[in-house]
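Read through the structure below, which is laid out as structure tokens, and then see the notes.
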Amino acid sequence: MRLGLNIGFVFGGDDHLDHLRLVREAEALGFSVTWAAEAYGSDAATLLAWIAAQTSTIDLGAAVFQIPARTPAMTAMTAATLDKLSGGRFRLGLGVSGPQVSEGWHGVRFSQPLLRTREYVAIVNSALRRETVAFEGAHFTLPLPDGPGKALKLSIRPVRDHVPVYLAAVGPKNLELAGEIADGWLGILNDPSYLGEQLNHIRTGRAARQPDLGLDGFDVVASVPVVVGDDLAAASDPIRGYAALYIGGMGSREKNFYNALAVRMGYEKEAAQIQDLYLAKKHREAMAAVPQDFIDSISLLGGKERMAEKLTAYAEAGATTVALTPFEPTVEQRIDTLRTVADALELAGIGD
């Protein structure tokens with residue numbers, strides 16, 4: 001089991017400096033990777049490049065580069081550059097985002113997301129292998145057949161022969177795709193008791209890639225909120241907004257992948273209620289409607305001993321990396337939280 005750190009976005013003020021403090025502490029504690037996100041604010045590539053210049057051992061992951069935001073060639077260029085600048089520490093996380101962001105922000109139709117992802121990853125990998133890139137698919141054609149363009153080769157060489165690719169996947173078919181074409185999976189709302197069901201889909205994809213391949217060498221990244229505190233109800237409160245946003249507001253009523261995930265996890269009635277309240281802009285009521293046991297199931301809550309037990313449960317379920325999102329209000333408290341979880345991993349005796 002390895003530990004990672006989710007730093008999310010840059011919102012303004014000095015939060016980028018707080019992110020850097022957290023990453024440096026995680027690096028000192030032996031965390032394997034830090035992940036930066038993007039939606040329609042700060043981009044992940046710029047933040048990761050800035051952090052790469054001020055760290056030396058921790059890996060730097062995109063969680064995720066949005067597929068509709070960049071051409072596959074641009075993603076390959078960015079990945080190769082970040083890998084070079086960081087000395088071979090970059091991990092490429094990709095995701096299709098959702099219809100609202102894809103169509104509303106990037107102006108890209110949210111059609112055939114699985115096929116689009118498959119083609120996209122194939123082009124990115126070809127470019128990173130420094131092949132002369134030529135591709136003909138349903139969504140991408142390189143070079144265009146009716147103009148002056150010609151097939152080109154990436155002119156910068158990444159440090160490693162292969163930059164690891166991760167997919168952010170939620171639904172069963174997307175999980176199968178991650179197993180087939182990626183080196184790792186970026187999970188969310190991860191409950192150890194449900195992780196096995198998700199990994200079964202990934203195994204199906206791995207078998208499609210190569211019979212009997214299994215999960216050896218495949219990085220299962222569980223993204224886990226964390227709050228230290230003996231009062232579990234109080235520790236859950238900071239996470240309520242996050243859970244309500246994903247279940248209730250991350251997408252439309254007709255297409256919310258996280259709401260569907262909560263339903264598959266056994267919270268059908270609660271997921272419907274949270275969504276109804278959130279879409280009615282009753283955000284506080286939506287937060288209050290998130291069940292305590294749901295928050296506890298997807299989070300690390302409590303003290304070191306309780307967290308050690310939960311980390312063991314994640315490891316036994318098949319997670320190879322637990323990526324922490326500390327929810328305490330100050331950077332000093334979040335740093336203390338990272339130290340507590342590192343101690344918990346040592347106590348559990350399952351660290352890599």
Side-chain angles (χ1 to χ4, degrees), residues 1-7 22-36 48 51-52 55-64 82-83 86-93 159-169 178-179 182-188 190-196 198-199 202-203 206 213-226 228 298-326 334-352:
M1 172 75 76
R2 299 177 292 273
L3 294 179
L5 170 67
N6 293 319
I7 55 173
L22 281 172
V23 173
R24 284 175 165 170
E25 180 65 29
E27 183 174 57
L29 290 168
F31 282 42
S32 66
V33 61
T34 186
W35 299 95
L48 290 172
I51 290 173
T55 55
S56 58
T57 59
I58 194 168
D59 276 13
L60 309 151
V64 294
L82 284 168
D83 198 57
S86 67
R89 291 185 286 141
F90 180 64
R91 305 186 192 184
L92 176 58
V159 172
R160 292 163 298 172
D161 292 335
H162 177 69
V163 175
V165 173
Y166 291 69
L167 288 189
D183 306 292
W185 167 51
L186 298 169
I188 193 169
N190 291 123
D191 176 353
S193 68
Y194 187 70
L195 193 58
Q198 295 168 302
L199 293 185
I202 291 176
R203 287 189 183 91
R206 297 280 282 176
L213 182 59
L215 294 178
D216 288 347
F218 188 87
D219 193 10
V220 177
V221 182
S223 182
V224 180
V226 54
V228 177
I298 64 164
S299 306
L300 283 173
L301 304 175
K304 179 174 64 176
E305 291 75 13
R306 192 173 194 270
M307 289 184 178
E309 293 177 1
K310 188 66 172 285
L311 288 170
T312 300
Y314 276 112
E316 291 176 348
T320 53
T321 302
V322 169
L324 307 175
T325 305
R334 296 196 290 273
I335 286 172
D336 286 341
T337 292
L338 298 186
R339 293 171 179 168
T340 298
V341 179
D343 288 343
L345 185 69
E346 184 177 359
L347 178 64
I350 56 173
D352 182 2

If every non-hydrogen atom of Asp183 is compared with every non-hydrogen atom of Pro164, which pair is closest and at what distance? OD2-CA, 3.4 Å

Looking at side-chain heavy atoms only, is the closest gap between Thr325 and Val226 below 4.5 Å? no

Looking at every non-hydrogen atom in both residues, tell me the closest pair between Phe218 and Gly179 and how far apart they are. CE1-CA, 4.1 Å

Applying side chain to side chain contact (heavy atoms under 4.5 Å, CB included), can you list everything that pairs with Asp219, at least two apart in sequence or on another chain? Arg2, Arg91, Tyr166, Val221, Thr320, Thr321

Over all atoms of both residues, closest heavy-atom pair of Leu60 and Ser86: CD1-CB, 3.6 Å

Min side-chain heavy-atom separation Val23-Ile58 under 4.5 Å: yes

Report, one line per pair, each donor and acceptor closer than 3.5 Å where one atom sits in a side chain of residues 308-318; sequence neighbours left out.
{"residue": "Lys310", "atom": "NZ", "partner": "Asp296", "partner atom": "O", "Å": "2.7"}
{"residue": "Lys310", "atom": "NZ", "partner": "Ser297", "partner atom": "O", "Å": "3.3"}
{"residue": "Lys310", "atom": "NZ", "partner": "Ser299", "partner atom": "O", "Å": "2.6"}
{"residue": "Thr312", "atom": "OG1", "partner": "Ala308", "partner atom": "O", "Å": "2.9"}
{"residue": "Tyr314", "atom": "OH", "partner": "Asn190", "partner atom": "O", "Å": "2.7"}

Can you check whether Gly4's main-chain N or O pairs, donor with acceptor, with Trp35's side chain at less than 3.5 Å? no

Could you pull out the closest heavy-atom pair between Asn6 and Ala323, with the gap in Å? ND2-O, 3.3 Å

So how far is it from Met307 CE to Thr337 OG1, rounded to the nearest 0.5 Å? 6.5 Å

As an exercise, state the distance from CD1 of Ile298 to CG of Leu195, rounded to the nearest 0.5 Å. 13.0 Å

Do you know the tightest heavy-atom contact between Gly93 and Leu186? CA-CD1, 4.0 Å

Under the side chain to side chain contact (heavy atoms under 4.5 Å, CB included) rule, what do Leu5 and Ile7 come out as? Steps first, then yes or no, please. CA-CA 6 Å; Leu5 170 67; Ile7 55 173; 3.8 Å; yes

Quick one: do Arg334 and Glu25 make a salt bridge, cutoff under 4.0 Å? no

Spell out, as yes or no, whether a donor-acceptor pair under 3.5 Å connects the side chain of Arg206 to the backbone of Asp216. yes

Partners of Val163 by side chain to side chain contact (heavy atoms under 4.5 Å, CB included), sequence neighbours excluded? Asp83, Phe90, Leu92, Leu128, Pro158, Arg160

Do you know which of Leu48, Thr57, Leu82, Asp59 makes side chain to side chain contact (heavy atoms under 4.5 Å, CB included) with Arg89? Asp59

Backbone N/O of Leu215 and side chain of Arg203: donor-acceptor pair under 3.5 Å: no

Shortest non-hydrogen contact between Pro326 and Leu338, atoms and distance: CG-CD2, 3.9 Å

